[in-house]
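The block underneath contains the structure these notes are about, expressed in structure tokens.
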2 protein chains.
Amino acid sequence: MRKDTLVAMRLTPATELEYRYRKLQEQMAADGLDAVIVAQNADLFYFTGSVQSGSLYVPVQGQPIYMVRRDAGRARMESGLKEVVPFGSVRDIPAILATYGYPEPGRIGMELDVVPVTFFERYLGVFPTAVFCDATPHIRRVRMIKSHYEIHVMMDAADQVDKVYRRAKEVIREGMTDIELAAELEYVARKAGHLGLIRMRVFNGEMFMGHTYSGADSAVPTYTDTPLGGMGASPAFGQGASFKPIGRNEPIIVDFAGSVDGYLVDQTRVFAIQGLFDRLRRAYDDMLRVQERMMELAAPGVPWGHIYDECLALALELGYGDSFMGARGSQVSFIGHGLGIEIDEYPFIARGFSDMVLETGMAFAFEPKAVFPGEGAIGIENTFYLSNDGLKRLTHSSEELVILPL
Amino acid sequence: MRKDTLVAMRLTPATELEYRYRKLQEQMAADGLDAVIVAQNADLFYFTGSVQSGSLYVPVQGQPIYMVRRDAGRARMESGLKEVVPFGSVRDIPAILATYGYPEPGRIGMELDVVPVTFFERYLGVFPTAVFCDATPHIRRVRMIKSHYEIHVMMDAADQVDKVYRRAKEVIREGMTDIELAAELEYVARKAGHLGLIRMRVFNGEMFMGHTYSGADSAVPTYTDTPLGGMGASPAFGQGASFKPIGRNEPIIVDFAGSVDGYLVDQTRVFAIQGLFDRLRRAYDDMLRVQERMMELAAPGVPWGHIYDECLALALELGYGDSFMGARGSQVSFIGHGLGIEIDEYPFIARGFSDMVLETGMAFAFEPKAVFPGEGAIGIENTFYLSNDGLKRLTHSSEELVILPL
């Protein structure tokens, strides 16, 4: 293994990892959990700083044990955790616990929203008398508060999407296809270190680097829980860019997820060649007003659902009942979503979340958008962070609607 | 929705879909299953021709019902199935079955290797007296035999990876980084319609378009069940290209998954600037010999494990005990893998599969590779198809080791 490459890479600091598992242990203690077994890649990365094949055993007290099937040597170099042990199969876990003097757990939390049934059954077999419960709400609550370190990495991802935005301004031409434009932007992101992968927690959640589409195609709904969808290049992956040629006087949407060192930001900007018709232009300004309303409201202690309700009310007031966050029949019930390692983290700026409140340290994307079938979609998206000094915008590309010459 | 775009897209023919669900129904009848509920995207695409949010209910007799939450209109246009119905939640299923006069199922198959625990529990709640079992082995067996239509699409994907290969010959320069090279190749693939996404069935299976790496980095093991791994650009996604500059006299691996209209092919070719040292050059020729051995053996009725055993025996005979399919300690127990919609389908040309045999219609990638830590990896990969006239190579780029001028 080339040590110099690893040193040049950004490794999650050990102090950061300790802080994270201690926060999880606090929640476990409050909820009477003896252990949490972390198995999913995004959670493993968060708690170990590494994504190797294996599981992390977090006891309610004491050091977590990172049990690695493949590659243990690499996990030791990448992870700042003290205890990294090779293991062959789930059946080895009781013996490993015995080595550490850890008692057999009676109540075990696992990520039941993401681990598959047959995978889970192997753990049931090893701990037949234990009670299993879903640890994802606990993990989500730990992960929803970002550290300065995490925000720092996300700032780098914001610089990456700004490069994408600048490239879009240079490269958009009438007649090029949406997928050609997407290829140009992905190329820039990749050279700037984009990992390629966008992690999404929800079952069947799939996303490529972003959604780039124009005109009527931007208003096509699809299976993803997003206000816009897009045709895509095939029904096999019916979202994002298609082979539609870009025309003049239609909105061109660049909704792009930047990705640096495992962290994401999300940004949407709109471009048009020659100009845009009044209704869309006005809608763009109105979506900016919805964003402003959110910025006035977002403060520690405010319920996520309250922000959603107020912003939705403004959108309705402005006349977007049939177009806000999707065309009638395809409207989604959120305007914003937390993000970090995954694109669908807490907080959800969504309908019904009246008992969950904003806290300092939360990061989320906010994306008021309006959809006009047959015509196109329009809107804005930025990634925000609730700092000690109030709400900060992490994504920093200019918010003007970009009108390009013919 | 723009009908003209849909018409230009390749839709799975209705006759094809009917053939597929009938094959599944035959297996269900033999195994005493009353129904299979298909929920995962790759399987949904296979059986419906569409990937919208919802589930497909396949009764042991009669028409399958594609129940779609979002977007039902789109599912109707994309899918060649007769019965596409909107539904709101899993709780609606009994009423939908009643509408069709279908009896309440007693034995239900679901994809228990991929559906998460909490997702599965919702179905348990709706059918509390039913017996649930894993339908994935049945689905895998249907999907492992490719139709002419599927092979046709995979041929287009093979043309796409050939474009990638040709571009690699043009663009590789000493001093460019692995990730720069990857970006160039992904750009070409994307413009040729690559969907971006590589579907992998195994839990935590993650892959970007391919693996591009050079020299010692190509010999770094990682978490994926692949002979090679790579450093990647971050421990957050520790596989594939890193920021390592490409040097002369080292192997440059381009292991690329082509993707057209939902179907994959897999191809690996090796490049070097100026030349390669004897050991690696010899290993390349020896891996070609292992491929030849496979080609002599592959015929209907031959057990998957037999091909693995024979090819492994040849590799050992040739002196690759410490390097074949990974360096000692990181060796994988397969040489080939089926592929189509996912990159990890049946057949597995792997240790222990002595009772599963090759059949006409199977497609698989075969990738004999040798790994020398600190020095690099080398090998070949092609995608093959067992036709009525014997084994055919779908990927068709030249198999010579490509030596580029300095």
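Computed over heavy atoms, backbone and side chain alike; hydrogens, waters and symmetry mates excluded. Below, chains carry the letters A, B, ... as their sequence lines are ordered, and counting in each starts from 1.
- Between B:Y187 and A:Y187, the two ring planes are tilted [angle within 30° to 60°].
- In this structure, the side chains of A:R10 and B:S234 stay at 4.5 Å or more apart for every pair of heavy atoms.
- In this structure, the side chains of A:V117 and B:F132 stay at 4.5 Å or more apart for every pair of heavy atoms.
- For chain B, the option among A:T177, A:V114, A:V188 with the highest count of heavy-atom pairs below 4.5 Å is A:V114.
- Each of A:D134, A:I341, A:L195 has some count of heavy-atom pairs under 4.5 Å with chain B, and the biggest count is that of A:L195.
- When each of A:L44, A:V68, A:V51 is checked for heavy-atom pairs under 4.5 Å with chain B, A:V51 comes out on top.
- Your options are B:S50, B:G262, B:G196, B:S79, and the one with the most heavy-atom pairs under 4.5 Å with chain A is B:G196.
- What you find for B:S330 and A:R70 is that their closest heavy atoms are O-NH2, 3.0 Å.
- Looking at A:Y223, the atoms closer than 4.5 Å to chain B (heavy atoms on both sides) sit in the backbone and in the side chain alike.
- Interface remark: A:M110 contributes no atoms to any contact with chain B (heavy atom separation under 4.5 Å).
- In terms of heavy-atom pairs under 4.5 angstrom with chain A, the leader among B:F203, B:Y263, B:F237 is B:F203.
- In terms of heavy-atom pairs under 4.5 angstrom with chain A, the leader among B:H194, B:E121, B:E111, B:E206 is B:E206.
- Rounding to the nearest 0.5 angstrom, the gap separating the OG1 atom in A:T224 from the CG atom in B:D71 is 10.5 Å.
- Only the side chain of A:R199 comes within less than 4.5 Å of a heavy atom in chain B; its backbone stays farther off.
- Both the backbone and the side chain of A:A39 come within contact range of chain B, judged by heavy atoms closer than 4.5 Å.
- Between the CD atom of B:Q239 and the CD atom of A:Q52 there is a distance of 10.0 Å, given to the nearest 0.5 Å.
- Between chain A and the residues B:V260, B:T222, B:D261, B:D113, the most heavy-atom pairs under 4.5 angstrom are made by B:T222.
- Among B:G193, B:A219, B:A183, B:G49, the residue with the largest count of heavy-atom pairs under 4.5 Å with chain A is B:A183.
- The backbone N or O of B:M231 lies less than 3.5 Å from a partner atom in the side chain of A:R74, making a donor-acceptor pair.
- Between B:R190 and the options A:E186, A:E184, A:E180, a side-chain hydrogen bond (donor to acceptor under 3.5 Å, both in side chains) holds for only A:E186.
- Looking at A:N204, its side chain never comes within 3.5 Å of a backbone N or O of B:S53 through a donor-acceptor pair.
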